[in-house]
Amino acid sequence: DAGVIQSPRHEVTEMGQEVTLRCKPISGHDYLFWYRQTMMRGLELLIYFNNNVPIDDSGMPEDRFSAKMPNASFSTLKIQPSEPRDSAVYFCASTRGLALVNEQFFGPGTRLTVL
Amino acid sequence: AQSVTQLDSHVSVSEGTPVLLRCNYSSSYSPSLFWYVQHPNKGLQLLLKYTSAATLVKGINGFEAEFKKSETSFHLTKPSAHMSDAAEYFCVVWDSGGYNKLIFGAGTRLAVHP
């Protein structure tokens with residue numbers, strides 16, 4: 001398996017623009033997670049899905065952030081409008097099975113810079 | 001609420017010497033604990049996990065961790081550091097108190113010198 005795939009790997013945009021980050025989980029995994037990593041706040045869970053349904057979005061910072069999972073093999077995280085404080089590395093991870101004690105497999109991340 | 005505290009933000013060792021990365025946790029339940037490693041410009045990778053079985057857990061690349069309930073600790077060790085161990089390490093607890101999510105520590109950056 002190719003592992004979790006994220007695109008783009010790097011994104012540089014200007015404040016106010018819309019940004020869409022993409023994730024393809026490992027085939028057969030039924031949980032998908034979006035994380036944000038910054039120096040100040042460390043690694044934070046933004047939202048997670050089970051069988052394409054959002055389960056917990058309490059980590060989404062504000063209404064400018066939205067996430068979708070239209071099918072088992074694709075998810076997007078959208079920021080509209082983007083702000084400089086959104087600059088971070090965004091990770092997608094997936095796992096299989098009921099228990100969150102199962103290993104989460106992380107993608108390589110998308111490094112977002114908002115100017 | 002559950003939480004983890006990594007006691008050192010940076011640790012520096014010489015190649016071939018032991019590694020100790022310290023982690024304390026806070027939990028009202030029997031915790032599930034993990035160590036993840038992140039190499040530069042990479043995603044996180046699971047090193048090992050404790051889920052109430054044996055208290056000494058062996059992971060990949062020669063790492064191990066011991067769960068000590070009396071000390072609420074889950075320190076990560078390795079007998080002999082290798083240059084390739086240089087990375088950031090995260091201690092993680094599974095929040096089973098109704099939120100069902102992983103809580104990450106702030107991370108410890110390990111530097112290995114020749």
Side-chain angles (χ1 to χ4, degrees), chain A residues 1-10 21 23-26 29-50 53-60 88-112, chain B residues 1-10 23 25 27 29-54 57-60 63 65 67 74 87-109:
Chain A
D1 200 313
V4 176
I5 299 173
Q6 291 186 248
S7 65
R9 293 293 309 277
H10 302 272
L21 311 181
C23 175
K24 177 180 169 56
I26 292 173
H29 283 190
D30 54 351
Y31 283 85
L32 183 139
F33 307 81
W34 281 102
Y35 291 90
R36 178 172 68 175
Q37 186 178 38
T38 61
M39 290 292 293
M40 291 297 294
R41 301 174 67 89
L43 201 64
E44 307 171 276
L45 176 66
L46 299 177
I47 184 170
Y48 77 89
F49 296 83
N50 176 219
V53 176
I55 302 300
D56 181 359
D57 65 355
S58 60
M60 297 285 263
V89 181
Y90 291 81
F91 289 102
C92 176
S94 69
T95 192
R96 175 165 54 199
L98 184 268
L100 284 163
V101 295
N102 291 336
E103 177 178 359
Q104 292 188 17
F105 293 83
F106 283 74
T110 296
R111 183 174 296 277
L112 174 64
Chain B
Q2 292 166 307
S3 65
V4 288
T5 301
Q6 292 184 243
L7 301 172
D8 307 292
S9 58
H10 291 83
C23 173
Y25 69 90
S27 174
Y29 307 87
S30 179
S32 294
L33 294 158
F34 311 77
W35 278 97
Y36 277 80
V37 61
Q38 183 180 25
H39 287 94
N41 300 313
K42 302 283 188 183
L44 282 73
Q45 179 187 16
L46 181 67
L47 269 182
L48 51 81
K49 65 181 178 183
Y50 167 78
T51 56
S52 74
V57 182
K58 294 188 184 298
I60 61 172
F63 284 94
F67 173 72
F74 189 58
E88 185 140 22
Y89 292 79
F90 293 91
C91 184
V92 185
V93 64
W94 178 41
D95 185 347
S96 60
Y99 296 98
N100 287 334
K101 54 189 174 185
L102 296 179
I103 307 296
F104 286 78
T108 298
R109 186 167 297 278

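All chains are named by letter (A, B, ...) in the order of the sequence lines, taking the proteins before the strands, and each is independently numbered beginning at 1.
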### Task
With a 4.5 Å cut-off on heavy-atom pairs, point out which of A:Pro108, A:Ala93, A:Gly59 contacts chain B the most.
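Looking at each of A:Pro108, A:Ala93, A:Gly59 in turn, A:Pro108 comes out on top.
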
### Query
Which region of A:Tyr35, side chain (C-beta onward) or backbone (N, CA, C, O), has a non-hydrogen atom less than 4.5 Å from a non-hydrogen atom of chain B, or is it both or neither?
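For A:Tyr35, side-chain heavy atoms alone lie under 4.5 Å from chain B.
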
#### Entry: Residue part contacting chain B, namely of A:Arg9, when any heavy atom lies under 4.5 Å
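The answer is the side chain of A:Arg9.
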
#### Entry: Check: A:Leu46 main-chain N/O paired with A:Asp57 side-chain donor or acceptor under 3.5 Å
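It does not hold such a pair.
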
### Task
Please check if any side-chain donor atom of A:Gln37 sits under 3.5 Å from a side-chain acceptor atom of B:Gln38, or the reverse.
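Distance-only check passes for A:Gln37 and B:Gln38.
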
### Task
Grab the two heavy atoms, one from B:Val37 and one from B:Ala87, that are nearest each other, plus how far apart they are.
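So the two residues come closest at CG2-CB, 3.6 Å.
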
### Task
Search all heavy atoms of B:Gln6 against all heavy atoms of B:Gly107 and return the closest pair with its distance.
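Minimum heavy-atom contact is OE1-N, 3.0 Å.
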
